[in-house]
Each structure stands twice: as structure tokens, then as C-alpha cells.
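Here the structure is a predicted model, which means the values were calculated and not measured. To find a chain, count down the sequence lines: A is the first, B the second, and so on, and within it residues start at 1.
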Amino acid sequence: MPYDPHAIEPKWQERWLREKTFSVKVDRSKPKYYVLDMFPYPSGSGLHVGHPKGYTATDVVSRWKRMEGFNVLHPMGWDAFGLPAERAAVRENLHPAVITKRNVDNFRKQIQRLGFAYDWERELSTTDVEYYKWTQWIFLKLFEKGLAYQAEVAVNWCPALGTVLANEEVQDGKYVETGDPVEKRSMRQWMMKITAYAERLITDLDGLDWPESLKEMQRHWIGKSSGAEVTFTVSGAVEGGASGAGSFTVFTTRPDTLFGATYCVLAPEHPLVASITAPAQRAAVEAYVAAAKHKAERDRMADTKEKTGAFTGAFAVNPATGQPIPIWVADYVLWGYGTGAIMAVPGHDERDHAFAKAFGLPIVQVVAPSPGASGAAATCDVQQAAFVDDGVAVNSRFLDGKGTADAKAAMTKWLEEKGLGKERVQYKLRDWLFSRQRYWGEPFPVLHRADGTTVAVPDDQLPVLLPPIDEYKPTADGQPPLARATDWVKTTDPRTGQPATRETNTMPQWAGSCWYYLRFIDPKNAAAPWSKEAENYWMPVDLYVGGVEHAVLHLLYARFWHKVLYDLGLVTTKEPFQKLRNQGMIVAASFQEASGKYHYPHDVEETAPGSGQWRVKATGTPVKTQIEKMSKSRYNVVNPDDVVRDYGADSMRLYECFIGPMEAGGVWQTNGVEGVYRFLERAWRLFFTTPKGATRDVPNPALVERPLDPDPKAGEKELEKLLHKTIQKVTADLAVMGFNTAISAMMVYVNALTGRESLPKALLDPFARLLAPFAPHLAEEAWASALGHATLIADAPWPKFDPALCVDDEIEIAVQVNGKVRDTIKIPVAADAAQCQQRALASEKVQRAMEGKPAKKVIVVPKKIVNVIC
RNA sequence: GCGAGGAUGGCGGAAUUGGCAGACGCGCUGGACUUAGGAUCCAGUGGGGCAACCCGUGGGGGUUCAACUCCCCCUCCUCGCACCA
């Protein structure tokens, strides 16, 4: 029986588990390496081949680092709170914990089948009481610092579900999953003051080894902009008599254009709107504000082309010109950003320009193109289009002639001197809405006392357990599910004996994932979330791998909590994840009829090989093929269990690596799995053979314990060089996670060894170790049964290469004539330029290409190329 | 609209960062072994041409002895963000 993954894989997996091979402890005698996967949400549908792409990458790295002598921490756990389990609980009438356990067991089994080197002793779930106890504890740290607070905020409320929804879950005023209508409602919610950390969340990005695009996304999300705030007083001289009381402040990044501010706009939610609106305008303004209220914020942002608004009848004084300018209400000004009010400079802002055009407001030019400008930056007709580039101030009295940067500074200084404004930095980032009206999440460890104050549950009474309830639905009067546990809700404050009620909101799913990487370093600690010793040794995470979909939310929330913990002296690193890489998404072909109906890949066939035309096998209906994201509804999900069943875990792992660069994603193709499977078979046959008539493989008799044959004709010295080059290549590729090219190099090596009559073990022993991080089961089997080692290859040292053996004595270089390759010549690697030139010119092909003309110039790049110019 | 990334054989992808484009794998073609092959092994495989050669890295221009790689312009694709003042 040839290579049979099923005969060897379970055996080694059991042994790794039994011997706790990958369980690690703090060991100061070794350098540490902490490799972390973004832990999964254990869904009911199980793993698909996309998950293990990242897991395989981290596993290869952790096995390699381990062989390099590092003490490698590589844990796995479950981000298991969340809505899907709660919905399934309602559907199946089971407790969400039961559903969760079922899903976790399934995920664990699926993951273990792939032979990952996880320290399963550290497994955790965010739903474990011993885990969420500490999530609550950390929450209280934030609460005590004033970073967790309650506020009335506008939320997306879905009456049908009885819960608030995240912005991403709402589209066109409907819940994306069910289509139930969603309305805006003002509710008391828990908020996290992440905005207090905005500046540090931006600056500390600089020191991180993360994809630049991802850092950029976070910077944009935080959205820092510098400018000034300017105070406008409402002028009393209004026709119809709106009282001139009040003033408002605007934020602008272009204080230099203040002279061009020809009107102001308040957001519909701005409190001043009601008080300044003139009687004659009242009906129109109120109608406009009411209409704006009904538009979801997302919709409001969606149609940016049509500008709408209403004139309040009031005027403000432009502090620079002293002139009254009208105050409008318009929904293009957002209440949630800046001050909810703007000064409009239609000459130099596209939105203001569009609005001014729509309502016939004056447009004034206050910036002219710089003298040296060209192209778009040089043309300027502000009546036609806003000029938004930097330039030179005009029509701006004391600013005239100043460049934009100077003008900004001068105007800001002027405003400060007059007490009319000041410099200001503004962030797009808003505080984090931290509560959900759901059951399956961490209860807030707080008590609302009868006197209206909210206090922390004392540390020694943590955890606040999720109470059992009869139904996982909101109450009839719209309270969250936890309100059903009336005995639990009603309690007393242990410090004062005062009656109190418990919080019925729960924390969002992000809470548990904000600190799991810290629990992994000391998961069984009952006295503290983690020990100082463990934190000191293991942190920070050296390599964190996950999907880009967490680019902002999870990674920003976790960084925020980490910084709070840092300020509290609970962690010693400013940032949790030093190096981060994204794995690409795996997609697959799907097959769809013209009617839109999808078919499984095994239900369709190609009309003729290579035709690219496909049809349904049973009916002959033509289907179109397309490459799409894997999803159940598209019938194109590939389950890793099936791949393991057909080809084994090692092939699955290898294909995940070989499909392309790790961060690039790729198309899943069964043929590709067959390709790596064949490679493993060839590798296997170097170590084992099946004797005639035998059912079991025996060590390959060609494997011999002897020194390499020095005779060049034997070719073994050449193979030794190839071995060292392969070690060099694979090692270098691992360092940059270039798994696909590392495997390619190993394929070349195996192809070179294949078919040889005699195989000195010196050529195979290091190769088995190279292969071990990628195909650990096969490597262990070869290591033990064919090479005769008693210890695990997982503990073997990583092979070293001899740089001297990585260079050839003689190399082939190309010879060009006038830039075209005409010949290749073999020269000693040490040949100098003169020798190269001489050898090149001696070539017959080169001579012919030169057509008898003399060489005008010869460029020689040693070890690379010779180019003869004639 | 803004930002980032990308475009290389029939397909997935390589290319030491300016030095023989297409490593490796899939697919395909031919052959060997076979009762058989959808197993295995060997050979071939960017396009054109009998050939010498010519043409080829999305398109156009440029720099250079030499460009997938650097510069300018354009097209298309993917992913973010999107009235953020």
C-alpha cells in the first residue's frame, strides 16, 4: 500500500496530543515566539477551507520557529458569544450554551484533523464563566476610569427583533438578513470612550509591522484632521424678528477661507435650529428637520448629489467680514461630526458649491491658484466650480498674498487674538456603542441603584452569571431578554443594602475578543486575568494572522483596551500585536443557471474537455461558471473534512500553502490538491516502498547510511549542493511567509532525488526536517520509521545550510548582442569581467550575431550577463 | 468621488528588486509499462515560422547597453472609505 495519509495521520495527532508535545510553559532559557490566529466564531455550519488558510500559515511558522529553538506559544480558542447561537437557541428551543458547545466540539474536531500544533491545554472560549469573569473585570477597570459610560444615543432599532442593530446590519432602512424595518430611536446605551485614545491609536501605528494598507485604513477610520473652530454670533437683525440670542461654533480645516464664508449651515439635529428659526420659516424648517430625522444616517450619506436644505430666516455675522450671512439647515451637515455646524465657503468646497448653486447663494473667491501651478490647480472660476486646491489668498484683506498654509496659520492666530476661535484637532472616530439588547453575551457587572446611580459589582462577586431565562426574546414591552429574569434583575447593592437592579443589556461580541490574546498566556489563572510573569515573558504577540475583515473594528477595539491596560500598568507593551498579516480569501467556482439557480460542482460537467462550457449532468441545462466567495447559498463551499478524507491533512495543509501568496487569496481547485498530493507521494516513495505482494510499506532499501560518493559522475555532490540551496531557499521563504515558493523548492529537490538507486540518508534526513512544518504527519512517519529516529521530528533542530555549498563552481550566463540573447555560456563562478568578455566573444553564435562588426562596448555584469554592443 | 492594491501562457502563480520572462503545480500532447488506466514513469508544452529567426509581462510613450521591474499618460479589475467641513 503506497502513501496512505489515513494510516499515519491519526496516529501522530494522537501522539502529539497524548504527549502534550505542543504544550509550553514560561521558559526563560529560550527565546519566546507567540503566534496567534484570529480565533473563530464557531458557527453551526462548521469550517470551510478558508479558515485553515491562516491557521496553516501560523502552524507552519510555529513548527518552524520551534525547530529553530524558540519556545513557541500557539493557542486556539473560540469567540463564541453572539447572535447566531442565540437565534439557533430560539429555533431549536435549546440553551445557547448547548448550541455553542456543540459547535465548538465540531470546530475543534475539524481543526484537530488538520494536525495543527496548538497547545490545547490553553483552549478557551469567551463564553466560559472563568473567562467572562475577567472580561467583566476589565470592563470595570474601564468603568472606573470613566471610559465606559451610559448615554442616550440614537440607535438603529428593529422592532421586529427587539434589538438594536449595528450600522453594518442596516441597509435602506431594513435589517439586511430579514428585511424587517429599522427605525432610529434614542436609547440609553453603554458607550466606550475610545475617542480619548484617538491620538495614540494613530501614532502608535507607526511602530507596528502591519500591512501598510491596513494601517492606512485605521488612520482613515480614526480620521484626524487639523483646523480651527470659529464662533459665529447669530445676528439680531432678522426680518420677522427671530431673537438674536445665541452663537454657534463651527469646525473648519480651512480657516484661511473665512472671508469667503457666505452662509452657514446647521445640522437638522442642532439645538439652535428651533430657537433661531424665524416665524415665517418655521413650517418649512420643521418639515425639513422632521424629514431628515426619518432618513437613516446611511441613506443620508448615500445620496450626495442632491443637496437639500431650508433657510432658517436667521443670520450670523461672519467674524472676518463683519457681514451678516444666512443660516441654513441642511442634512449634508452631520450632527455626529465636528460641531454639527459649518461655515460654508462655496468658492472652495465642492459640497458648499453644490448647495450654493442649488439655492442661489453667493459664491466668493478667496483663494487664487499659485503662480507656478499647472493643470487643474491653475484653472479657477469659482462660479463654475469650487477651487479646492491650495493657492494664494485673495479678497481676504490681511491674508492677501499668503500661501494657503501661511494663511491658515495667520487666520487661526487672528481668531485666537480676537477670542473668536482657536486651533482644533478633530477626529472622525466616534465613541463605541458597547451594549446589545441580547442574551448571549457578557452581562454588565453593574448595579443601578434606586437613587439613580450606577455602581460596579464588587470584584469578589464576579462573575455576574448569565441567568437562565424561559425565552431568548425581548419582553413584551421591548426590554432585552435578560429582563425576563426578574429575580435576577432585582437585587440589592451589597455595600449599602440599597435596592438595585441589574443591567439587562449585554456586551457586544467584540468584548471577548478584545483581550483573549492575554488570557492565552495564562489561561488557568484563577486569581488574576494573567500573571505579570506570563505577560512579561510572552507579550507581545509576535505574529498575528487573520482576515482583513477585522481591519478596523476588532483590531481597533483590542488596541484600545490594550492601551487602557497599559495605562493601568497591567501590561507592559503599548501595542498587543507587533506583526500582523492578513490571509487572502479563498474563493471557488460556482455554477449557475440562467434562472439564477445554483448547482453543486459534482452535479455539473463540462460539455467537452477544455471547452469552458458547462451543463447540469442530469438535465443538460447550460450553466455559467463564475468565481465567487464561498457560501452555502452559492453551493460552492468546500469542506476541509472532505479534503482530508480524500487526500489527507498533509495535502490539505500543503495546498493551502501552495495555492498562492498567503495574503493574496486564491481559487480552490481540486486538481491543485491532487498536484500536492502527488508531490507527497513522490516524497513518500523516497522513504518507503511497497514490496511486491505486500500490503504494507517498508523503509526504502535504497536508503543507506554512508558518506556521499565524491565522484562527480555519481552526482551525489551535486545533490548535496541542491540540498543546501533548498535549505537556504526554504528557510528564507519561511522568514517572509513565502510558503508557495518554499514548497516549489522542495518539489524541485524531490524531483531530483526521484528514481535514484541509492539514497544516502544524509540527503534525506535534512529534507524530512524541511518538510516537517508543512506536512508534519508524513515527516514524522519518515523520521521515525524510515530514518530510525526515536524522538519527534517536531523537536528536531532545523537544518543548517553551508553557504559554500550554495554556490556553483560553474554557472551559465547569458550573452546578449545589442540587448538580445544570442547564446549562453558556462563560466567559472569566480571568472572576472575580462574572462567573461573573452569567453562571450569567443562564442560562435555571438560572432554570427555581430555580423563581423567590431564590439563598440561590452557590458559585463559578473555572474549575470554579458551584453555586446556593436 | 477619495484612498490602497493589482493586471505575466489555457489556469494558479515564479522572477535574487534593473540582468536569459514563464520556477513549481494544474491542464494539455506524445511515448513507456499495462487486460485496462482517471495509477505510475519519461519527454514536450508562451505565440508564430520548415528554419535561421521574429513577436511576447493590460494599452501608449519615455529613461537605459538592458525594463514584468524605474518615470509619464491611459484602460480595466479587486478591496476599503464615502457629504467627515
Taking any heavy-atom pair under 4.0 Å as a contact, classify [X]: base, sugar-phosphate, or nothing.
{"X": "Ile859(A)", "value": "base"}
{"X": "Asn867(A)", "value": "base"}
{"X": "Lys820(A)", "value": "sugar-phosphate"}
{"X": "Val748(A)", "value": "sugar-phosphate"}
{"X": "Ile869(A)", "value": "sugar-phosphate"}
{"X": "Thr252(A)", "value": "sugar-phosphate"}
{"X": "Ser225(A)", "value": "sugar-phosphate"}
{"X": "Arg682(A)", "value": "sugar-phosphate"}
{"X": "Glu812(A)", "value": "base"}
{"X": "Glu681(A)", "value": "sugar-phosphate"}

Tell me the interatomic distance from [X], atom [atom1], to [N], atom [atom2], rounded to whole angstroms.
{"X": "Asp733(A)", "N": "G13(B)", "atom1": "CG", "atom2": "C1'", "value": "14 Å"}
{"X": "Trp221(A)", "N": "G3(B)", "atom1": "CH2", "atom2": "P", "value": "19 Å"}
{"X": "Glu674(A)", "N": "G12(B)", "atom1": "CD", "atom2": "C1'", "value": "15 Å"}
{"X": "Gln218(A)", "N": "C81(B)", "atom1": "CD", "atom2": "P", "value": "12 Å"}
{"X": "Arg424(A)", "N": "A85(B)", "atom1": "CZ", "atom2": "P", "value": "11 Å"}
{"X": "Arg678(A)", "N": "C41(B)", "atom1": "CZ", "atom2": "C1'", "value": "12 Å"}
{"X": "Asn751(A)", "N": "A23(B)", "atom1": "CG", "atom2": "P", "value": "13 Å"}
{"X": "Leu214(A)", "N": "G3(B)", "atom1": "CG", "atom2": "C1'", "value": "14 Å"}

**Request:** Indicate yes or no: does Asp697(A) engage Arg685(A) in a salt bridge with an N to O separation below 4.0 Å.
**Result:**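 Answer for the salt bridge query: no.
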
**Message:** For Asp209(A), is there an ion pair with Arg581(A) - N to carboxylate O distance below 4.0 angstrom?
**Reply:** yes

Which label fits [X] and [Y]: parallel for a plane angle under 30°, tilted from 30 to 60°, or perpendicular past 60°?
{"X": "Phe767(A)", "Y": "Tyr749(A)", "value": "tilted"}
{"X": "Trp328(A)", "Y": "Phe359(A)", "value": "tilted"}
{"X": "Trp432(A)", "Y": "Tyr557(A)", "value": "parallel"}

**Request:** Cation-pi check, Lys224(A) to Tyr427(A): give yes when NZ or CZ is under 6.0 Å from the six-membered ring centre and within 45° of the ring axis, no otherwise.
**Result:**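 Verdict for Tyr427(A): no cation-pi partner in Lys224(A).
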
Give the nucleotide from the list [options] with an atom nearest to the side chain of [X].
{"X": "Met217(A)", "options": "C26(B), G80(B), C53(B)", "result": "G80(B)"}
{"X": "Arg822(A)", "options": "A85(B), C65(B), C54(B)", "result": "C54(B)"}
{"X": "Gln816(A)", "options": "C41(B), A14(B), G19(B)", "result": "G19(B)"}
{"X": "Val861(A)", "options": "G19(B), A85(B), A52(B)", "result": "G19(B)"}
{"X": "Arg848(A)", "options": "G19(B), C53(B), A85(B)", "result": "C53(B)"}
{"X": "Val821(A)", "options": "A21(B), C26(B), G3(B)", "result": "A21(B)"}
{"X": "Asn740(A)", "options": "G3(B), A14(B), A21(B)", "result": "A14(B)"}

**Asked** What dot-bracket string describes RNA chain B from 5' to 3', counting Watson-Crick and G-U wobble pairs whose defining distances are under 3.5 Å, with [ ] for crossing pairs and | for pairs to another strand?
**Response** (((((((..(((......[....)))((((((.......))))))(((....)))..(((((..]....))))))))))))....

**Asked** With a 6.0 Å cut-off on ring centres, are Phe658(A) and Phe739(A) close enough?
**Response**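 Aromatic pair excluded; centres sit 6.0 Å or further apart.
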
**Message:** For the CE atom of Met630(A) and the CG atom of Asn636(A), what is their distance to the nearest 0.5 Å?
**Reply:**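 Reported value, rounded in 0.5 Å steps: 6.5 Å.
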
**Message:** As a test of understanding, state which of Lys624(A), Glu628(A), Arg634(A) forms a side-chain hydrogen bond (donor to acceptor under 3.5 Å, both in side chains) with Ser590(A).
**Reply:**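 Of all the options given, the one that passes is Glu628(A).
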
